[in-house]
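This report concerns only the one structure given below.
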Amino acid sequence: MNEPTVAEATENIYASLRADNADIDAHIATLKAALAREGKKQAVFDPARLVQKNRSGRKLMQAYFRQRGVSVSFSE
């Protein structure tokens with residue numbers, strides 16, 4: 001079985017966010033492993049695809065992911 005890429009893990013997180021955060025911790029762990037494999041320092045998300053697009057929603061997401069060891073930034 002192939003390990004998911006950062007892009008695939010990111011898509012799984014978008015789906016999880018739309019599904020009321022179902023299995024979000026497992027998807028974050030998968031993203032963290034994919035970032036390590038690809039040598040990347042942070043995950044980049046598109047704010048337009050988030051459920052809570054406002055600033056407080058983005059900051060909450062960054063804090064939650066940071067607690068789980070994943071640095072998050074947002075594309076413009």
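Counting from 1, the numbers follow the sequence of the chain as shown. It should be emphasised that the depicted structure is a prediction, and the values quoted were computed from it without experimental measurement. Computed from heavy atoms alone, side chains included, the values below leave out hydrogens, waters and symmetry copies.
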Sequence neighbours excluded and cut-off under 3.5 Å, please list the side-chain donor-acceptor pairs for residues 68-76, or say none.
residue	atom	partner	partner atom	Å
Arg68	NE	Asp25	OD1	3.0
Arg68	NE	Tyr64	OH	3.4
Arg68	NH1	Tyr64	O	3.2
Arg68	NH2	Tyr64	OH	3.2
Ser71	OG	Gln42	OE1	3.4

* By salt bridge (charged side-chain N to carboxylate O under 4.0 Å, His left out) - contacts of Arg37 (at least two apart) -> Glu3
* Asked: Roughly how far apart are Leu35 CG and Ile28 CD1, rounded to 0.5 Å?
  -> 11.5 Å
* For Asp20, enumerate each residue passing the side chain to side chain contact (heavy atoms under 4.5 Å, CB included) test, keeping only those at least two apart in sequence or located in another chain. => none
* Under 3.5 Å, is there a donor-acceptor pair between the side chain of Ser16 and the main chain of Asn12? -> no
* **Residue pairs passing the salt bridge (charged side-chain N to carboxylate O under 4.0 Å, His left out) test where at least one lies in residues 45-61, sequence neighbours excluded** => Glu11-Arg49
* Structure fact -> Residues Leu31 and Ala43: closest non-hydrogen pair is CD2-CB, 3.7 Å
* Asked: Applying ring-ring contact (aromatic ring centres under 6.0 Å, His included), which residue pairs with at least one partner in residues 29-54 are found, sequence neighbours left out?
  -> Tyr14-Phe45, Phe45-Phe65
* Asked: What's the spacing between Arg18 CZ and Leu50 CG if we round to 0.5 Å?
  -> 10.0 Å
* N/O donor-acceptor pair under 3.5 Å between Asp23 side chain and Ala26 backbone -> no
* Apart from Val44 itself, what residues make up its hydrophobic cluster, given side-chain heavy atom links below 4.5 Å? -> none
* Asked: Which residues pass the salt bridge (charged side-chain N to carboxylate O under 4.0 Å, His left out) test with Glu38, sequence neighbours left out?
  -> Lys40
* **Leu17 CG to Gln52 CD distance, which is reported to the nearest 0.5 Å** => 9.5 Å
